[in-house]
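By convention in this document, chain letters (A, B, ...) are assigned in the order of the sequence lines, proteins followed by strands, and residues within each chain are numbered from 1. Everything numeric here is computed off the predicted structure, so don't read it as measured data.
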Amino acid sequence: MAVRSIGSVLAGLVDAVFRPHRFVAVQTNTYSTSRLAALRQMADLSVIYLTNLAAYALPLTLAGIGVRTSAAVPAAFAGLVGGYVPNPAPLWRLLVGFGQNSLFITIATVVTLVTYHVGVVLTRNSRGLLQSMHTVVYTTSAYLAAIFSGVWFLTTNEGVAAAREFVRALQAKFVYAIIDFLGADVGLPSGRPGEITVSTFSTTGQWVLVLLVVSAVYYFLSLYFGARINHQMGRSSAVLAVLAVFLSPILYVAGSVILATTTIP
Amino acid sequence: MTTQPTIRPTLIRTVILVVVVIALFVVLQTNPTLLGDEQITNTTALVVAVLGVIATIRFAIRIFVLRRIRYEITKDRVQRRFSLFFKTQSRGVPFDRVRSHELTQNRVQKLMGFGTIALNQGLGGLKLENVQNPHEVYRAISKLSDRA
């Protein structure tokens with residue numbers, strides 16, 4: 001049983017790198033024949049997602065990322081676990097850290113699912129929400145997690161300052177491009193970036209940037225394969241569905257800017 | 001009748017990919033400020049190289065797998081056999097269970113003389129890819145499934 005599990009994990013890794021079309025493909029010909037079956041399959045996909053989320057967030061949490069030593073323990077939690085652990089504070093901090101490390105990638109997953117499925121529905125090729133869920137769960141579990149891991153590494157490690165500043169400057173430039181397009185009077189706390197000047201990337205920093213770009217390519221490519229295989233879409237429709245996801249950060253930032261500048265009477 | 005899938009299209013794709021990747025890599029390395037900054041151009045060249053290596057390995061795996069596949073058409077069934085390290089994986093459809101059969105050839109496949117034959121599509125059937133002399137094979141399958 002353990003050997004078969006290790007074998008299937010290895011096979012999954014090989015598929016994720018060398019055969020992304022197989023990695024995201026639904027393995028059954030029909031995804032569900034009844035509401036109960038659909039709910040069961042949705043639950044299965046949720047378990048897969050949560051398992052991969054734990055695999056991503058747990059190492060970060062155990063490394064101390066997102067764990068705040070000053071976090072106060074709520075009385076209710078202390079009462080609940082007090083009988084099992086002598087000091088609930090470290091456990092509470094770990095749970096809060098785990099929640100924080102999971103939050104951003106979960107939000108990104110939900111945004112991907114919503115924009116992807118809307119894109120699929122708008123092209124009138126949808127074979128069902130489950131097919132989109134299947135595509136997005138596998139795509140985000142592998143490739144989005146790799147992107148987030150790369151960004152975390154740049155944020156929390158020494159020796160990659162040039163790469164870190166480059167990524168931050170790119171993000172700030174992107175946000176300000178939208179702010180300027182909307183003509184809004186808002187800004188980031190760090191202020192408007194100047195011209196992006198690239199100092200020498202360290203070898204590690206350069207390879208992390210390569211990982212980020214390659215993971216982003218795989219992320220969009222696997223969404224495309226998901227649209228072609230799981231929704232049986234044509235090439236141009238699949239590209240449109242992926243474009244919806246590609247444009248989602250722009251919509252998110254634009255929405256945030258509009259919200260920040262709109263005063264409700 | 002026993003036939004083996006052709007590796008020609010995959011081989012051609014591999015060669016084209018390697019040529020394009022090497023060309024892009026050389027262009028980026030010999031023009032360090034092509035993308036505005038030497039660091040960015042160098043990093044982009046690395047990205048191209050990594051994606052190129054991954055794609056080449058993927059095509060190499062595909063060629064390796066195709067070389068080990070055999071399609072057998074007997075009077076009772078169509079069989080797809082894959083052998084690797086003394087282990088054989090076999091999948092077949094008896095002709096009396098064939099409900100549909102389809103030969104597809106896109107423009108490139110037609111030009112290169114191969115095609116894909118699908119049996120019982122949508123019913124967990126069998127797909128024979130990169131079939132050489134596809135019309136001959138398809139005629140044999142059609143005749144035998146009509147007889148069954």
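Crowding of B:Glu38 atom CD: a count of heavy atoms from other residues, nucleotides or ligands under 6.0 Å not exceeding 12. Within a 6.0 Å radius of OH in A:Tyr252, other residues, nucleotides and ligands contribute 12 heavy atoms or fewer. For A:Phe174, the CZ atom sits in a packed shell: over 12 heavy atoms of surrounding residues, nucleotides or ligands are nearer than 6.0 Å. Annotation: B:Tyr138, atom OH; neighbour count of heavy atoms from other residues, nucleotides and ligands within 6.0 Å is above 12.
Contacts between residues 56-82 of chain B and chain A, counted as heavy-atom pairs separated by less than 4.5 Å, involve B:Ile57, B:Arg58, B:Ile61.
Of all the heavy atoms in A:Gln206 and B:Thr43, the pair that sits closest is NE2-OG1, 3.1 Å. Minimum heavy-atom separation, A:Phe166 to B:Ile40: CE1-CD1, 3.8 Å.
Of the possible donor and acceptor atoms, one in the side chain of B:Gln39 sits under 3.5 Å from a partner among the backbone N and O of A:Phe201.
If you measure heavy-atom distances from B:Val47 to chain A, the contacts under 4.5 Å come from both the backbone and the side chain. For A:Val213, the part sitting under 4.5 Å from any heavy atom of chain B is the side chain, from C-beta outward, and nothing else.
Here the CG atom belonging to B:Asn42 is positioned 11.0 Å from the CG atom belonging to A:Leu209, to the nearest 0.5 angstrom.
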>> Run the side-chain contact (heavy atoms from CB on, under 4.5 Å) test on A:Trp207 and B:Leu46 for me, step by step, so that the C-alpha distance in whole Å, both residues' side-chain angles and the decisive distance to 0.1 Å come before the verdict.
In response: CA-CA 8 Å; A:Trp207 279 106; B:Leu46 279 177; 3.9 Å; yes
